[in-house]
Amino acid sequence: MSDHIKITKIDGVLTLVMNRPDKMNALTNAMYGVLADALEGSDQDSEVRAIVIRGEGASFTGGNDVGDFASGVAGPRHVTRFIRALATIAKPLVAAVQGKAVGIGTTMLLHCDLVVLAEDAELIAPFVNLALVPEAASSLLLPARIGHARAFSMFALGERVGAQDALAWGLANKVVANADLAAAAEALARRLARQPLGALIATKRLMRATGAITQRMDAESEEFAARLTSPEAQEAFLAFAQRRQPDFLQFA
Ligand code: COA
């Protein structure tokens, strides 16, 4: 268990809260494990009719813990299970995003059925900045959603996308004041929970190309694993720890 994830279940809505605000809710292997268990378990739990994911504090999440990237993870990598669960869970998933949503914080939104953004939300997918490649099938889903040019600038240059652009580009359903964010997402989830669950699940299944998505996840994982140990990536992680800019020009 990780006390960095809080879980509640009220009125048919399972709420998952990333709760490590001093580290911008950066996701550790243990946190991925708890999230994966909760998502996987939701399919079997007849009391769950909709799911909300949100983050405590000023930001949704700073993404994968960069320390874990640098040191590697001993034992099973729960991130793989978490990502797979995002792509395969039957029940609708609603995200509430404030502040920064970095890396997987942005890519997980492509698997959420409804996304509510706070006014200060910023979506950031700086995979190449860290000498890595996109994950969670985002190399497939992001260009499909917002077009190649915008997706490439997010991936390759780490361009940040503000809430209004994200809304205009089809990455979110609405933008609300920060103070209203959690309530807005819970209200949408409660509306979903009152809908006929069988039809809801079938609609989600019909709208999702699961085979193509999981196939792309496998291809990305292979590339990602190779990149993680590259000299470029080691330099990027060291630079993050040392709070300096990385020097990639030393590598051919
Ligand atoms: N892994 C580990 N720690 C992280 C983190 C991450 N992904 N994201 C944020 N944090 C930590 C910071 O190290 C800092 O901890 P400290 O106070 O002990 O030094 C704390 O969260 C607050 O972040 P800070 O960097 O001070 O906030 P900022 O507003 O100046 O910068 C970011 C925000 C997102 C630009 C910066 O935190 C960052 O680059 N994080 C890494 C994001 C990333 O590359 N994620 C992986 C994507 S694949």
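Counting convention: from 1, in listed order, for ligands and their atoms alike.
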Please tell me if atom 30 (O) of ligand 1 is touched by the protein, where touching means a protein heavy-atom distance below 4.0 Å.
no
Nearest non-hydrogen atom to atom 45 (N) of ligand 1 belongs to which of G62, P21, G99?
G62
Under the salt bridge (charged side-chain N to carboxylate O under 4.0 Å, His left out) test, residues paired with R208 that sit two or more places apart:
none
Would you say that R150 contacts V161 through its side chain, given a criterion of any heavy-atom pair below 4.5 Å between the two side chains?
no
After noting the C-alpha distance and the side-chain angles of R81 and D37, does the key distance pass the salt bridge (Lys or Arg N to Asp or Glu O under 4.0 Å) rule?
CA-CA 9 Å; R81 231 162 32 85; D37 289 345; 3.0 Å; yes
V102, T61, D68, V79 screened by side-chain contact (heavy atoms from CB on, under 4.5 Å) with L27, the one that passes
T61
For ligand 1, which atoms, with element, lie under 4.0 Å from some heavy atom of N64?
1 (N), 6 (C), 7 (N), 46 (C)
Say whether D22 and ligand 1 are in contact under the criterion: heavy-atom distance to a ligand atom below 4.0 Å.
yes
I'd like to check which ligand 1 atoms, numbered from 1 as shown, lie under 4.0 Å from a non-hydrogen atom of V102.
34 (C), 42 (C), 43 (C), 45 (N), 47 (C)
Is the shortest distance from a Lys or Arg side-chain nitrogen in R20 or D65 to a carboxylate oxygen in the other one below 4.0 Å?
yes
Any heavy-atom pair between the side chains of L141 and H111 that's under 4.5 Å?
yes
Quick one: do D45 and K9 satisfy salt bridge (Lys or Arg N to Asp or Glu O under 4.0 Å)? Show the steps, please.
CA-CA 11 Å; D45 187 344; K9 191 168 62 176; 2.7 Å; yes
Report yes if V66 has an N/O atom closer than 3.5 Å to an N/O atom of ligand 1; otherwise report no.
yes
Please work out which of the three classes, parallel, tilted or perpendicular, describes the rings of Y32 and F82, given edges at 30° and 60°.
tilted
Atom indices of ligand 1 within 4.0 angstrom of R160 heavy atoms, with elements
35 (C)
In this structure, does ligand 1 have an atom that sits under 4.0 Å from one of the heavy atoms of L132?
no
Going by the atom numbers of ligand 1, which of them fall below 4.0 Å from some non-hydrogen atom of D65?
1 (N), 2 (C)
Heavy-atom proximity to atom 14 (C) of ligand 1, best of E135, R243, E122:
R243
Ligand 1 contact on L130 by region, counting heavy-atom pairs under 4.0 Å
side chain
Enumerate the salt bridge (charged side-chain N to carboxylate O under 4.0 Å, His left out) contacts for residues 210-221, please, sequence neighbours excluded, ordered by first and then second residue.
R84-D218
Could you tell me if the side chain of I5 sits less than 4.5 Å from the side chain of L35, heavy atoms only?
yes
Nearest heavy atom to atom 33 (C) of ligand 1, choosing from R20, K23, M24, belongs to M24
F127 heavy atoms within 4.0 Å reach ligand 1 at atoms 48 (S)
Closest candidate by heavy atom, reference atom 38 (C) of ligand 1, pool F240, F69, F237, F224:
F240
heavy-atom search around atom 5 (C) of ligand 1 in the protein gives A26 CB, 3.7 Å
